[in-house]
Amino acid sequence: MDILVNLEGLKKVHDHLDGLGFVAPFAGSRNLKDVETGVRVEFLLEGQFPGDGKPKPVAFPKPGEASELINGIRYLRLPALIELKLASGMTNPGRLRDLADVQELIRVRALPREFAQQLNPFVRGKFDELWQGIASAPQPEE
């Protein structure tokens with residue numbers, strides 16, 4: 001599970017959850033693990049960079065500005081999620097699953113090619129490439 005936070009939010013989470021069924025996987029880690037279920041909670045920090053961690057035009061946004069409330073839970077808006085996944089998969093060969101996630105979002109949500117205009121120019125070409133791949137692939141029979 002990934003949670004987008006700022007530094008203040010990360011400190012609050014650790015202050016409230018450390019020792020209450022959550023532990024850091026190793027000393028000094030910003031992430032936590034639920035000791036009962038084994039679920040790993042990874043914290044993505046506002047201002048840091050997805051994928052290889054190197055500076056690029058796409059960074060983790062401010063949580064309040066890039067999210068929306070749905071049924072009492074804050075979720076990252078779709079354009080921001082897709083930007084982050086594209087930037088991650090484009091710059092870290094170990095994160096190719098992020099590109100597959102975007103491809104699946106394009107397919108399942110039937111995103112139009114024009115959706116790319118909502119994205120940072122840094123990732124638009126990759127979105128278009130994935131969109132074209134979906135558009136030209138044979139569709140499974142239902």
Name of the residue among Asp128, Leu105, Ile82 meeting side chain to side chain contact (heavy atoms under 4.5 Å, CB included) with Phe115: Ile82
Minimum side-chain heavy-atom gap Leu86-Leu130 below 4.5 Å: yes
Heavy-atom side-chain proximity of Leu84 to Leu76 below 4.5 angstrom: yes
Nearest-0.5 Å distance, CE of residue Met90 to CD of residue Glu129: 9.0 Å
Validation row: Leu32, Val13 side chains within 4.5 angstrom (heavy atoms): yes
Cluster check Tyr75, Leu78: I/L/V/M/F/W/Y, side chain < 4.5 angstrom: no
Glu36, CD atom: more than 12 neighbouring heavy atoms under 6.0 Å: no
Between CD on residue Gln103 and NZ on residue Lys85, distance to nearest 0.5 Å: 13.0 Å
Within-4.5 Å side-chain heavy-atom neighbours: Lys54 and Thr91: no
Side chain proximity check, Arg124 to Asn120, heavy atoms < 4.5 angstrom: no
Shortest non-hydrogen separation from Ala87 to Phe122 and the atoms involved: CB-CE2, 4.3 Å
Same cluster (ILVMFWY, side-chain, under 4.5 Å), Leu111 and Val108: no
Donor-acceptor pair, side chain of Arg30 and main chain of Leu10, under 3.5 angstrom: no
Greater than 12 external heavy atoms within 6.0 Å of Lys33's NZ: no
Audit row: Ile3, Val5, side chain to side chain contact (heavy atoms under 4.5 Å, CB included) steps and yes/no: CA-CA 6 Å; Ile3 299 177; Val5 295; 3.8 Å; yes
Pairwise side-chain contact, Leu45 with Phe60, heavy-atom cut-off 4.5 Å (strictly under): no
Closest contact, heavy atoms only, Asp52 versus Asn92: N-CB, 3.9 Å
Common cluster, Val23/Val39, ILVMFWY with side-chain heavy-atom separation under 4.5 Å: no
Smallest separation among heavy atoms of Ser67 and Arg77, with atom names: O-NH2, 2.9 Å
Nearest-0.5 Å distance, NE2 of residue His16 to CZ of residue Phe22: 13.5 Å
Worked check of side chain to side chain contact (heavy atoms under 4.5 Å, CB included) between Val102 and Ile106: CA-CA 6 Å; Val102 171; Ile106 292 168; 4.0 Å; yes
Arg74, CZ: over 12 other non-hydrogen atoms inside 6.0 angstrom: yes
Basic-acidic side-chain contact under 4.0 Å: Glu104, Arg107: yes
Transitive ILVMFWY side-chain link Leu81 to Phe49, under 4.5 Å: no
Pair Arg95 + Asp98, salt bridge at N-O below 4.0 Å: yes
Check: Arg40 and Asn31 side chains under 4.5 Å, non-hydrogen atoms: yes
Distance-minimising heavy-atom pair for Lys56 and Gly53: NZ-N, 4.1 Å
Approximate separation, where rounding is to 0.5 Å, of Lys126 NZ and Leu99 CG: 6.0 Å
From CD (Glu42) to CE (Met1), nearest 0.5 Å: 11.0 Å
From OG (Ser88) to CG (Leu96), nearest 0.5 Å: 9.0 Å
Within-4.5 Å side-chain heavy-atom neighbours: Pro61 and Leu4: yes
